[in-house]
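Input: a single structure, listed below in structure tokens.
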Amino acid sequence: MDLLQPIIKPYAWGSRDALARLQGRDTPSAGPEAELWMGAHPSGPAGLTRDGRATTLLDAVAGDPDGQLGSSCARRFGGRLPFLLKVLAAEQPLSIQVHPDRDQARSAFAAQQARGGHGPYADDWPKPELLYALSRFEVLAGFRDRDEAAHLLEDLGMDGLRPVIRLLRAGTGEQALSEALRALLERAPDDRAPLVSAAVASSRRLARSAHPHAAAYAAVERMSEHHPGDLGLVASLLLEYRVLEPGTALFMPAGGLHAHVHGVGLELLANSDNVLRAGLTTKEVNVPELLRITDPTVRVPVVAPRSVPGPGSTWLYDCPVAEFALYRTELDGSSGPLVPASGPRIAFCAGGSARLSARTGDTEPLHLGPGASCFLPASDQEVLVEGEGTLFVATVGLLPDEHGAIAQNSFTSLQ
């Protein structure tokens, strides 16, 4: 067991108090703190100490993939820890974005490397995601129904949106949503400022009305404070606006268009940093590639946890991907075997405290307080946990032939 020193990503949209408060540091922090990375991605590997020497989880895994991951996991994922655990603290809206699947990532990254290496792909891995709301969390998650999206744009009362509305009304299937998104994002430069300005003004009016989607229009108004003049403000109305209460989890498959608006959440994802952006960001956007990767048929479902045996009360948040699965345990003071018992794992204490110890007693127990995390290699299979608090454990997902009804029954509608 290794106590981790996570990496903080200081992106501009981050909070100056959420992560610091979680870790018990002074607030406000010196600057925005957006993401707490607990994993082995080359862009931000967590630190740890082995045999009195400071190293990283990335180097520890690379030096002994079979011992750290287990031989089957090491073979399956090429010696790479397949998941990355993060805490997100979104004080401001994040970009409208999409992530590639495995085949798309491999081919696009290879082509990018052949062109000299510069481009939007950070690696050759897919990036499906699970988001667990630690606080009230606002998201844009997947496309709306085509008719509903047309109604939202129509109710803005803007002549400039009529071509987009016609695409939605006259189109067939979900492809009409992609064409509407393209029409908005590829708007002529001279038309963008007046279109966005008028849309924000209309959204402000509708946000104060009895409109059934007043909350979505209010989100446009609030997002405009951070991204004035951005076409993503109008495009956001094509997406489902949802507020996740604490404890709710969403699965965001590859190809699913989404954006985080505001909140603090735990994110578990495949070990990748591939993001294609279209708006609501100061980072590089790549509209053609985003449109190519986006799959309008993809929905972003709520993950319904299922109870599994474990200490206290333990639940599994399972998704139809091989790279990751998430367990949550509410510790009640009793002691029991850590769940899951095998494989590479990252444990994160979201509140209270947890004490992890090897059943053999040949190593010192590890104490986790709020905001602390540790890595458990595959070789640590006899671990006891006790304490009072909330403990999350990230691990490798079920193999594809083990999903079946389990994965399907884990989802509920986002509607």
Side-chain angles (χ1 to χ4, degrees), residues 4-39 41-47 56 84-99 120 122 127 129-141 200 218-233 236 241-244 246 250 252 258-269 271-286 346 348-351 369-373 392:
L4 293 178
Q5 294 95 46
I7 298 298
I8 293 177
K9 295 290 186 176
Y11 305 139
W13 47 264
S15 168
R16 293 188 62 191
D17 60 48
L19 296 184
R21 188 171 61 248
L22 175 67
Q23 295 184 309
R25 295 183 280 113
D26 291 339
T27 59
S29 57
E33 297 178 337
E35 297 182 350
L36 192 71
W37 284 30
M38 297 164 280
H41 193 276
S43 296
T56 69
L84 173 60
L85 186 64
K86 301 179 180 179
V87 178
L88 303 182
E91 188 68 23
Q92 300 177 17
L94 280 69
S95 56
I96 294 177
Q97 59 187 256
V98 72
H99 310 300
K127 197 186 175 190
E129 300 173 340
L130 173 73
L131 175 68
Y132 178 97
L134 293 171
S135 75
R136 186 177 182 272
F137 207 115
E138 295 176 82
V139 295
L140 302 170
V200 171
V220 172
E221 180 186 3
R222 284 184 283 108
M223 290 188 295
S224 71
E225 297 173 5
H226 305 288
H227 301 286
D230 195 310
L231 284 170
L233 297 168
S236 73
Y241 170 80
R242 288 291 183 268
V243 177
L244 310 180
L250 286 184
M252 299 183 180
H258 63 277
H260 301 321
V261 179
H262 187 270
V264 180
L266 189 68
E267 188 177 56
L268 179 58
L269 56 148
N271 191 10
S272 171
D273 199 25
N274 279 326
V275 184
L276 287 309
R277 302 178 181 86
L280 304 181
T281 182
T282 57
K283 296 183 179 181
E284 182 179 353
V285 300
N286 191 323
I346 292 177
F348 168 74
C349 183
S373 57
F392 290 93

Q. So do Leu280 and His226 actually touch side chain to side chain, heavy atoms under 4.5 Å?
A. no
Q) From Glu284 CD over to Ser95 OG, what is the distance, rounded to the nearest 0.5 angstrom? A) 12.0 Å
Q: For Leu84 and Gly39, work out which heavy atoms get closest and say how close.
A: CD1-CA, 3.6 Å
(Q) Among Ile7, Leu266, Val87, Leu88, exactly one meets side-chain contact (heavy atoms from CB on, under 4.5 Å) together with Leu36. Which residue is that? (A) Val87
(Q) Contact between His260 and Glu267 at the side-chain level, heavy atoms closer than 4.5 Å - yes or no? (A) yes
Q. Mind checking whether Glu33 and Arg16 have side chains closer than 4.5 Å, heavy atoms only?
A. no
Q. When you measure from the side chain of Ser29 to the backbone N and O of Gly31, does any donor-acceptor pair fall under 3.5 Å?
A. yes
Q. Can you find a heavy atom in the side chain of Asp273 that is under 4.5 Å from one in the side chain of Trp37?
A. yes
**Q.** Nearest heavy-atom neighbours spanning Ile96 and Gly232
**A.** CD1-O, 3.5 Å
Q | Close side-chain approach of Met223 to Ser236, heavy-atom, < 4.5 Å | A | yes
Q. Any idea which heavy atoms bring Lys86 and Glu35 closest together, and the distance?
A. NZ-OE1, 3.4 Å
Q. So, Thr281 side chain and Lys283 main chain: donor-acceptor pair closer than 3.5 Å or not?
A. yes
Q: Return yes if some donor-acceptor pair links the side-chain N/O of Asn274 with the main-chain N/O of Ala122 below 3.5 Å, else return no.
A: yes
Side-chain donor/acceptor pairs under 3.5 Å, residues 129-138, sequence neighbours excluded:
residue: Glu129; atom: OE1; partner: His258; partner atom: NE2; Å: 3.4
residue: Glu129; atom: OE2; partner: His99; partner atom: NE2; Å: 2.9
residue: Tyr132; atom: OH; partner: Arg328; partner atom: NE; Å: 3.4
residue: Ser135; atom: OG; partner: Val264; partner atom: N; Å: 2.9
residue: Glu138; atom: OE1; partner: Arg222; partner atom: NH1; Å: 3.4
residue: Glu138; atom: OE1; partner: Arg222; partner atom: NH2; Å: 2.7
residue: Glu138; atom: OE1; partner: Tyr241; partner atom: OH; Å: 2.5
residue: Glu138; atom: OE2; partner: Arg222; partner atom: NH1; Å: 3.4

Q: Using the six-membered ring wherever Trp is involved, compare the ring planes of Trp13 and Tyr11 and label them parallel, tilted or perpendicular (cut-offs 30° and 60°).
A: tilted
(Q) For Ser373 versus Pro6, what's the shortest heavy-atom pair and its separation? (A) OG-CG, 3.9 Å
Q | Distance (rounded to the nearest 0.5 Å) between Leu94 CG and Leu140 CG | A | 10.5 Å
Q. So which heavy atom on Ile346 is nearest to which on Met38, and how close?
A. CD1-O, 3.1 Å
